[in-house]
**Student:** 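What follows is a single structure, and I will ask about it in a moment.
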Amino acid sequence: MPKTIAIHRQDQVRAAADACVHFGFCTAVCPTYVLDGEELDSPRGRIALAREMLGSDAPPSETAVRHLDRCLSCLSCESTCAAGVSYRDIIDGARERIEQSRVRPLPQRMLCARR
């Protein structure tokens, strides 16, 4: 039986995501957003994807997985956020949900299991 993200953990992640008010200071310091300019590769876009993913019982979408995986976890966005959003909680919780959902192809799951 697959594990699931604990309810209190989900609530913590949702609360962190809900704290985002989209000021946009984070986009200027996000390496992936600066590189490609795609909103879903910005902290704001990833927060929206995580919020959507955690608000549903459906497996994470391929789009959500791709953009959340592109985050380098440098947390530059967190240190520049005027609203004090805990991006670390959001990205970690979203990744936890992705791994537990088993949406990755078997070869990718095997590669991650070896670490």
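Values below: all heavy atoms of this structure, side chains included; hydrogens, waters and symmetry mates excluded. This chain uses plain numbering: 1 for the first residue, then up along the sequence.
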**Student:** Counting C-beta onward and ignoring hydrogens, is there a side-chain heavy-atom pair between Glu52 and Ser61 closer than 4.5 Å?
**Tutor:** no

**Student:** Output the distance between atom CG (Asp89) and atom CD (Gln12), rounded to the nearest 0.5 Å.
**Tutor:** 4.5 Å

**Student:** Do the side chains of Arg95 and Asp92 get close enough for a salt bridge, i.e. N-O under 4.0 angstrom?
**Tutor:** no

**Student:** About how many Å separate OH of Tyr87 and OG of Ser79, when rounded to the nearest 0.5 Å?
**Tutor:** 13.0 Å

**Student:** Less than 3.5 Å apart, which donor and acceptor atoms pair up between the side chains of residues 15-31 and the rest of the protein, not counting sequence neighbours?
**Tutor:**
{"from": "Asp18", "atom 1": "OD1", "to": "Arg51", "atom 2": "NE", "distance (Å)": "3.2"}
{"from": "Thr27", "atom 1": "OG1", "to": "Gly24", "atom 2": "O", "distance (Å)": "2.8"}

**Student:** Could you give the distance from CG (Leu68) to CG (Leu49), rounded to the nearest 0.5 Å?
**Tutor:** 5.5 Å

**Student:** Which heavy-atom pair separates Met53 from Ile98 by the least distance, and what is that distance?
**Tutor:** SD-CG1, 3.8 Å

**Student:** Any donor and acceptor pair, going by atom type alone, linking the side chain of Arg44 with main-chain N or O of Glu39 inside 3.5 Å?
**Tutor:** no

**Student:** Heavy-atom distance under 4.5 Å between the side chains of Arg97 and Val13, does that happen here?
**Tutor:** no

**Student:** Counting only heavy atoms not in Arg66, do more than 12 fall under 6.0 Å of its CZ?
**Tutor:** yes

**Student:** Answer with yes or no whether the hydrophobic clustering places Ile47 together with Val65; edges join I, L, V, M, F, W, Y residues whose side-chain heavy atoms lie under 4.5 Å apart.
**Tutor:** yes

**Student:** Would you call Thr32 and Arg46 a side-chain contact if the rule is heavy atoms closer than 4.5 Å?
**Tutor:** yes

**Student:** Taking all non-hydrogen atoms of both residues into account, name the closest pair between Ala58 and Ser56 and its distance.
**Tutor:** N-OG, 2.9 Å

**Student:** How far does CG of Leu75 sit from OG of Ser86, to the nearest 0.5 angstrom?
**Tutor:** 8.5 Å

**Student:** Can you measure from CZ (Arg88) to SG (Cys77) and round to the nearest 0.5 angstrom?
**Tutor:** 9.5 Å

